[in-house]
Amino acid sequence: MHDKLREHIEKIVPLSDDEFAFVCTHFTLKKFKKHQFLIQEGEAVKYSYFIITGLLKLVHTDETGKQRIVSFAMEDWWESDYYAFYTQTLATMSLECVENTEVLCLSFEDYRKLCDGLQKMERFFLEKSNFGFIASQRRIISWLTSNAKERYEQLLKQHPALIQRVPKSLLASYLGVSRETLSRLSP
């Protein structure tokens with residue numbers, strides 16, 4: 001499992017064996033079952049998660065109780081309620097397992113120690129944050145300029161494996177359409 005983390009990090013920064021051993025001391029492995037929550041709205045956000053196996057959904061519930069899927073995260077991806085994680089405030093979103101999931105957990109304290117102790121990791125997290133910011137901007141632009149069919153086609157093109165793993169009802173929520181509309185859009 002740590003091999004996957006090393007491979008992931010080394011896509012951005014190279015690490016010596018000693019450096020990677022230092023990195024590993026900051027993570028803990030946890031396993032979660034399908035439908036189990038890693039984060040619940042209104043609670044403290046203890047970790048940022050690197051997904052080893054499985055699939056997660058990040059959900060925001062509005063004041064009327066309607067749930068909206070903000071994102072999905074699968075193997076080799078990071079996920080958390082990042083606003084709450086970095087500001088050390090209570091979660092405004094929930095993170096739930098769509099499948100049985102195994103993650104490496106990084107606490108905020110360990111994140112800081114890791115960045116302070118190894119400049120390469122500070123660069124790694126900066127790059128990951130930049131890529132995440134770009135993805136968020138692209139999703140916002142897509143919502144503003146694309147219809148449901150175009151958003152579905154973009155999702156198919158960008159993440160074909162995700163389409164096979166996510167139930168249609170969750171995909172519909174993510175795309176902001178009804179289940180019936182999604183059925184008409186999908187081949």
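Quick note: numbers below take in every heavy atom, side chains included, and nothing from hydrogens, waters or symmetry partners. For the single chain, residues carry numbers from 1 onward in sequence order.
- Taking a cutoff of 4.0 Å between a charged side-chain nitrogen and a carboxylate oxygen, Asp17 and Arg6 qualify as a salt bridge.
- Between Cys105 and Tyr47 the shortest heavy-atom distance is CB-CD2, 3.5 Å.
- Classification of Lys31 and Glu102 as a salt-bridged pair holds, one side-chain N sitting under 4.0 Å from a carboxylate O.
- A donor-acceptor pair is defined here as one N or O able to donate and one able to accept, closer than 3.5 Å; such a pair exists between the side chain of Gln88 and the backbone of Phe85.
- Although no hydrogens or angles enter the test, the distance criterion places no donor-acceptor pair under 3.5 Å between the side chain of Arg68 and the main chain of Val59.
- In terms of heavy atoms, Arg139 sits closest to Ile69 at NH2-O, 3.8 Å.
- Salt bridge absent: Glu153 and Lys157 never bring a charged side-chain N and a carboxylate O closer than 4.0 Å.
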Stepwise salt bridge (charged side-chain N to carboxylate O under 4.0 Å, His left out) test for Glu109 and Lys46 = CA-CA 9 Å; Glu109 183 180 340; Lys46 297 178 184 175; over 6 Å; no
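- Each of Leu38 and Leu90 belongs to its own hydrophobic cluster when Ile, Leu, Val, Met, Phe, Trp and Tyr are linked at side-chain heavy-atom distances under 4.5 angstrom.
- Between Lys120 and the choices Glu10, Glu127, Glu19, the salt bridge (Lys or Arg N to Asp or Glu O under 4.0 Å) rule is met once, by Glu19.
- Heavy atoms only, all atoms of each residue included: Leu56 and Val98 are closest at C-CG2, 4.1 Å.
- With Tyr111 as the partner, the ring-ring contact (aromatic ring centres under 6.0 Å, His included) test is satisfied by one option alone out of Phe125, Tyr49, Phe50, Phe27: Phe125.
- For the residue pair Ser71 / Glu79, a side-chain donor-acceptor distance below 3.5 Å is found, with atom types taken as modelled.
- Between the side chains of Asp18 and Ser16, no donor N or O sits under 3.5 Å from an acceptor N or O.
- Side-chain contact, Thr92 with Tyr83: no donor N or O sits under 3.5 Å from an acceptor N or O.
- No more than 12 heavy atoms of other residues, nucleotides or ligands lie within 6.0 Å of NZ in Lys66, so this atom counts as exposed by the packing criterion.
- Put simply, the side chain of Asp81 never gets that close to the backbone of Ala91: no donor and acceptor are under 3.5 Å apart.
- Using a distance-only test at 3.5 Å, with no hydrogens or angles considered, no donor-acceptor pair links the side chain of Arg179 to the main chain of Leu170.
- Here the closest heavy-atom approach between residue Tyr174 and residue Val70 is recorded as CE1-O, 3.5 Å.
- A side-chain N or O of Gln154 and one of Ser142 form a donor-acceptor pair less than 3.5 Å apart.
- The pair Lys4-Asp76 fails the salt-bridge criterion, with no side-chain N (NZ, NE, NH1 or NH2) lying under 4.0 Å from an Asp/Glu carboxylate O.
- Following chains of ILVMFWY side-chain contacts shorter than 4.5 Å, one can reach Phe131 starting from Tyr86, so the two form part of one hydrophobic cluster.
- Of all heavy-atom pairs between Ile51 and Ala73, the closest is CD1-CB, 3.7 Å.
- Judged by distance alone, with hydrogens and angles left aside, the side-chain atoms of Tyr82 form no donor-acceptor pair with the main-chain N or O of Ser129 at under 3.5 Å.
- Between the Thr101 side chain and the Glu99 main chain, a donor and an acceptor come within less than 3.5 Å of each other.
- Side-chain atoms of Thr145 come within 3.5 Å of backbone atoms of Ile141 as a donor-acceptor pair (strictly under, hydrogens ignored).
- Residues Leu171 and Leu156 share a single hydrophobic cluster, defined by chaining ILVMFWY side chains whose heavy atoms lie under 4.5 Å apart.
- Across all non-hydrogen atoms, the minimal contact from Lys113 to Phe22 is O-CZ, 4.2 Å.
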| said: Could you walk me through whether Trp77 and His159 satisfy the ring pair (Phe, Tyr, Trp, His ring centres under 6.0 Å) test, starting with their C-alpha distance in whole Å, then the side-chain angles of each, then the deciding distance to 0.1 Å, before giving a yes or no? | reply: CA-CA 12 Å; Trp77 292 10; His159 306 293; 5.1 Å; yes
